[in-house]
Protein chains: 2
Amino acid sequence: MHRDNYKAKLDASQYKLTGQRATVLEVMIRNRGKHLSAEEVLQQARLLRPNIGIATVYRTLEKLASLEILYKGMFDSGKYRYELADDREHHHHHVVCVNCGSITEIKDDLLCELEKNIEKQGFRIVDHDLKFFGYCPNCTKS
Amino acid sequence: MHRDNYKAKLDASQYKLTGQRATVLEVMIRNRGKHLSAEEVLQQARLLRPNIGIATVYRTLEKLASLEILYKGMFDSGKYRYELADDREHHHHHVVCVNCGSITEIKDDLLCELEKNIEKQGFRIVDHDLKFFGYCPNCTKS
DNA sequence: GTTGCTGCAAAGTATTTGCACCGAT
DNA sequence: ATCGGTGCAAATACTTTGCAGCAAC
């Protein structure tokens, strides 16, 4: 998806497309496929706009996630990471390397069946989150 | 599994089975199937041993998790929850109700196939973590 | 001038660590 | 006497919030 589409989406929302928000969005677009922490977003955003504050970054990430422009997830431990949501639309999963910490994406779609089973038990499922833990190809060699 | 087996497992480790550790273990056993936060463990532990401290609870939960007596996972947001590990041995998953926050367990095993696919791409998978988000039967009614 | 947005600093949560003391060998 | 374990308090890590000032309409 092109960056103008994200901006349009934000523009159409109840929120203003301010310079700071555009900066955060720009950082996320430039890091498509990566899973950045708020601190990492801040550092990169400051290259473009040196005095942006961490609170603004958090507030912006939160808003972008609520608009479903970003996906907010907890991978390893203790902190949230963010990525462009359309990158993970239908359905890809994460492989977290327990050795080097790298996060790789895996495309697959085998979970619909499982969800149907669960719904037979009276649930209504709206989302899922699947992560694998292991060794990435790089770390398998050693 | 009987509580003596857990104690034996802890006993056989490099760690001592102290009163505090037995208390934490007891709390976890009494709450089999629940997913307790450290704070919740503390509150229950204090019923049995009023002056146990939060640091001891954290240290004990950490040790029990490293011995694979407990499973440590992040469910909703911002804090870890712990459960007896053998309750989740091979393979059950969690359904988190986005309305009431209840966590239900679902037995299933459909992921081996998926793991094999990923391993063909050069990874070595050692664990996975699958969560569904939706509405539990109770909250579906309303 | 109202209203929403920002940066800073302070507060809030969850967790970890430093340290003096205790208890079992 | 040693050494691991404990409780308390302080420190840390991440995130949220209060607030005064700013920017846009």
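Lettering of chains follows the sequences in order, A, B, ..., and the numbering in each one begins at 1. Hydrogens, waters and symmetry mates play no part in the numbers below; they use all other heavy atoms, side chains included.
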Over how many whole Å does the gap from [X] atom [atom1] to [N] atom [atom2] extend?
X: B:Q20; N: D:dT6; atom1: CD; atom2: P; result: 4 Å
X: A:K79; N: D:dT15; atom1: NZ; atom2: C1'; result: 12 Å
X: B:L61; N: D:dT6; atom1: CG; atom2: P; result: 12 Å
X: A:E39; N: D:dT15; atom1: CD; atom2: C1'; result: 11 Å
X: A:Q43; N: D:dC14; atom1: CD; atom2: P; result: 11 Å
X: A:L42; N: D:dT16; atom1: CG; atom2: C1'; result: 15 Å

Toward the 5' end of DNA chain D, by each residue's nearest nucleotide, B:R21 or B:I54 = B:R21

note = Judged by nearest nucleotide, the residue sitting upstream toward the 5' end of DNA chain D, B:R46 or B:Y15, is B:Y15

inquiry  = Closer than 4.0 angstrom, basic N to acidic O: yes or no for B:E40 and B:R81?
reply    = yes

Side chains of residues 53-62 of chain A: which donor-acceptor pairs under 3.5 Å do they make with residues two or more places apart or in other chains?
unit_1: A:T60; atom_1: OG1; unit_2: A:T56; atom_2: O; d: 2.7
unit_1: A:E62; atom_1: OE1; unit_2: A:K72; atom_2: NZ; d: 3.0

query = Less than 3.5 Å between a donor and an acceptor, one on the side chain of B:R59 and one on the base of D:dG4, is that the case here?
reply = no

note = chain A vs DNA chain C, heavy-atom contacts under 4.0 Å, first-to-last nucleotide span, 5' to 3', is C:dC5 to C:dC8

task = Using only side-chain N and O atoms of B:T18, determine if any of them is under 4.0 Å from OP1 or OP2 of D:dG5.
result = no

